[in-house]
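Structure first, then comments.
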Amino acid sequence: MQTPAVPDLAHTHARPVHWLATAVAMAAVVAAAALLQPGSATATQAGGVRTAAAPAPALAPDPAAVTYPLECRGAPSVVAKRATGDLDGDGRPETVVAAHCRAGSGTPPSGVYVLARGAGGPAGGAPRVVATLVDPGERRSVGGLAVRDGAVTATLFGYSSADVPSCCPDQKETVKWRWEGDKFVPSAAAEAMGA
């Protein structure tokens with residue numbers, strides 16, 4: 001018989017006491033690691049300077065907090081449609097509304113207004129009307145209103161003449177406004193309505 005080159009070592013034959021000792025040692029290491037956890041981590045820039053948390057997103061102006069330039073003769077105004085989005089690229093959303101005077105019958109003319117917040121505080125100042133896209137004097141009503149890709153789109157209904165009853169507009173037009181420089185510039189694609 002040939003003798004092994006490595007002597008017989010006692011630890012090569014595992015006994016239950018060895019497994020128990022290993023389990024106790026591992027439990028001690030896990031418990032020590034749990035007790036010695038570091039404090040909560042915070043992000044830092046190079047040089048150890050803490051970065052501020054990202055600011056809360058700006059709130060869109062609330063249409064209920066605005067007085068509209070409508071001549072309602074004592075009747076309340078109604079915000080019929082609204083849409084929000086960043087129209088001027090400043091990172092703060094604007095609100096676009098279609099508002100009209102409450103009427104008992106007929107189709108009251110609407111105004112389309114752009115609302116923005118003034119400067120001041122994290123939420124900005126009080127909302128205010130910053131642009132009129134459709135004046136109620138144009139005798140138009142709004143069928144649809146949206147803000148997409150920095151542009152306002154509205155479906156407007158109007159009248160071909162003063163003889164057309166206010167209940168039944170006979171013209172339809174889709175208009176898109178985009179902020180360019182310091183004003184909203186419209187573009188229109190007229191759509192004739194069937195009579």
Side-chain angles (χ1 to χ4, degrees), residues 42-46 49-103 107-160 166 169-193:
T42 56
T44 59
Q45 293 179 346
V49 178
R50 285 188 179 190
T51 58
L59 299 174
D62 180 8
V66 175
T67 301
Y68 298 97
L70 294 168
E71 294 180 24
C72 294
R73 299 188 180 114
S77 62
V78 176
V79 173
K81 302 194 180 314
R82 68 186 272 181
T84 61
D86 184 5
L87 298 173
D88 57 4
D90 68 353
R92 298 185 315 179
E94 286 78 32
T95 300
V96 182
V97 299
H100 61 264
C101 298
R102 179 166 287 153
T107 305
S110 294
V112 177
Y113 305 102
V114 178
L115 313 178
R117 288 188 175 276
R128 57 189 167 64
V129 174
V130 295
T132 299
L133 303 179
V134 175
D135 187 275
E138 296 175 33
R139 290 188 59 214
R140 293 181 165 192
S141 57
V142 179
L145 185 66
V147 173
R148 286 188 197 95
D149 301 323
V152 178
T153 304
T155 302
L156 305 175
F157 296 99
Y159 308 93
S160 58
S166 64
D170 63 344
Q171 291 184 330
K172 178 181 177 182
E173 180 181 26
T174 300
V175 182
K176 182 184 271 190
W177 294 268
R178 189 170 293 281
W179 182 256
E180 292 181 12
D182 62 349
K183 63 184 177 183
F184 286 96
V185 177
S187 63
E191 300 174 36
M193 288 181 55

Can you confirm whether P69 sits close enough to Y113 that some side-chain heavy atom of one is under 4.5 Å from a side-chain heavy atom of the other?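 In contact.
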With a 4.5 Å heavy-atom cut-off, do V185 and R178 have their side chains touching?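 Answer no - side chains too far apart.
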Is the number of heavy atoms from other residues, nucleotides or ligands within 6.0 Å of CD (E71) greater than 12?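 Incorrect, the count does not exceed 12.
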Indicate the atoms forming the closest heavy-atom contact of [X] with [Y], along with that distance.
X: G143; Y: K81; result: O-CE, 3.3 Å
X: R139; Y: P109; result: CA-CB, 3.8 Å
X: T84; Y: A60; result: CG2-CB, 3.7 Å
X: D170; Y: S160; result: OD2-OG, 2.5 Å
X: V147; Y: G85; result: CG1-CA, 3.7 Å
X: S141; Y: P169; result: OG-CG, 4.4 Å

To the nearest 0.5 angstrom, please state how far the [atom1] atom of [X] sits from the [atom2] atom of [Y].
X: R92; Y: L59; atom1: CZ; atom2: CG; value: 11.0 Å
X: F184; Y: T132; atom1: CZ; atom2: OG1; value: 10.5 Å
X: L156; Y: T174; atom1: CG; atom2: OG1; value: 7.5 Å
X: L70; Y: D135; atom1: CG; atom2: CG; value: 9.0 Å
X: F157; Y: Q171; atom1: CZ; atom2: CD; value: 11.5 Å

Looking only at atom types and distance, does a side-chain atom of [X] sit under 3.5 Å from a main-chain N or O of [Y], one as donor and one as acceptor?
X: R117; Y: G125; value: yes
X: T95; Y: L115; value: no
X: Y68; Y: A98; value: no
X: W177; Y: W179; value: no

Take V96 and R82 through the side-chain contact (heavy atoms from CB on, under 4.5 Å) test and state the conclusion after the steps. CA-CA 6 Å; V96 182; R82 68 186 272 181; over 6 Å; no
Evaluation steps, side-chain contact (heavy atoms from CB on, under 4.5 Å), between V112 and V142: CA-CA 8 Å; V112 177; V142 179; 3.6 Å; yes
